[in-house]
Amino acid sequence: MRTEVHGLRLPDRSDLWYLGGGAFQPWSFGFIGRPSGGRRGLATLYDVSADWTVNAKTSVTFHFGYAAGRGVIRSVYPEGKDGRFGYAEVSRRF
């Protein structure tokens with residue numbers, strides 16, 4: 001089992017919050033920049049995951065992450081500033 005905490009912030013209050021999936025379409029660059037609203041704090045990320053070895057060939061991983069939105073995200077999404085993400089994964093070796 002492991003846990004992690006990360007603080008994310010912009011280097012400068014006048015910087016943009018960049019989002020996107022990258023350059024995957026020929027007609028767009030794949031990123032947008034949202035104004036920071038004069039703030040630097042993006043989010044604090046909390047992660048917990050656990051790995052369980054069932055046997056020599058099979059393992060299971062569970063993961064849950066929570067992002068507590070800070071000033072920049074609050075200025076863009078005041079009603080839904082926090083995010084959650086989770087998954088379960090089964091790996092089988094052949």
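Model, not experiment: these values are computed from the prediction.
Remark: side-chain polar atoms of Thr53 are not paired, donor with acceptor, to backbone N or O of Asn55 under 3.5 angstrom. Side chain of Ser36 to backbone of Arg13: a donor-acceptor contact under 3.5 angstrom is found.
In this structure, Arg93 places its CZ atom where only 12 or fewer heavy-atom neighbours from other residues, nucleotides or ligands lie under 6.0 Å away.
Between atom OH of residue Tyr46 and atom OG1 of residue Thr3 there is a gap of 11.5 Å, rounded to the nearest 0.5 Å. Note: Arg40 CZ to Leu10 CG = 8.0 Å, rounded to the nearest 0.5 Å. Here Asp82 contributes atom CG and Tyr77 contributes atom OH; the two are 13.5 Å apart, rounded to the nearest 0.5 Å. The structure places OH of Tyr18 at 13.5 Å from CZ of Arg34, a figure rounded to the nearest 0.5 Å. The OH atom of Tyr87 lies 7.0 Å from the CZ atom of Phe85; values are rounded to the nearest 0.5 Å.
Heavy-atom minimum distance, Arg39 versus Ser75: NH1-CB, 3.4 Å. Looking at every heavy atom in both residues, Ser49 comes nearest to His63 through CB-ND1, 3.6 Å.
Contact annotation: the side chain of Arg9 never approaches that of Thr44 to less than 4.5 Å [non-hydrogen atoms, C-beta and beyond]. Side-chain contact between Leu45 and Glu4 is absent, with no heavy atoms from C-beta onward closer than 4.5 Å. When side chains are defined from C-beta on, Asp47 counts as touching His6, because their heavy atoms get closer than 4.5 Å. Here the side chains of Asp51 and Arg2 are in contact, with some heavy-atom distance below 4.5 Å.
By the criterion of side-chain heavy atoms lying less than 4.5 angstrom apart, applied directly or through intervening Ile, Leu, Val, Met, Phe, Trp or Tyr residues, Leu19 is grouped together with Leu42 in one hydrophobic cluster. Hydrophobic clustering (ILVMFWY, side-chain heavy atoms < 4.5 Å, transitive): Val5 and Leu8 are in distinct clusters. Residue Ile32 is grouped with residue Ile73 when hydrophobic side chains (ILVMFWY) are merged at heavy-atom distances under 4.5 angstrom, including chains of intermediate members.
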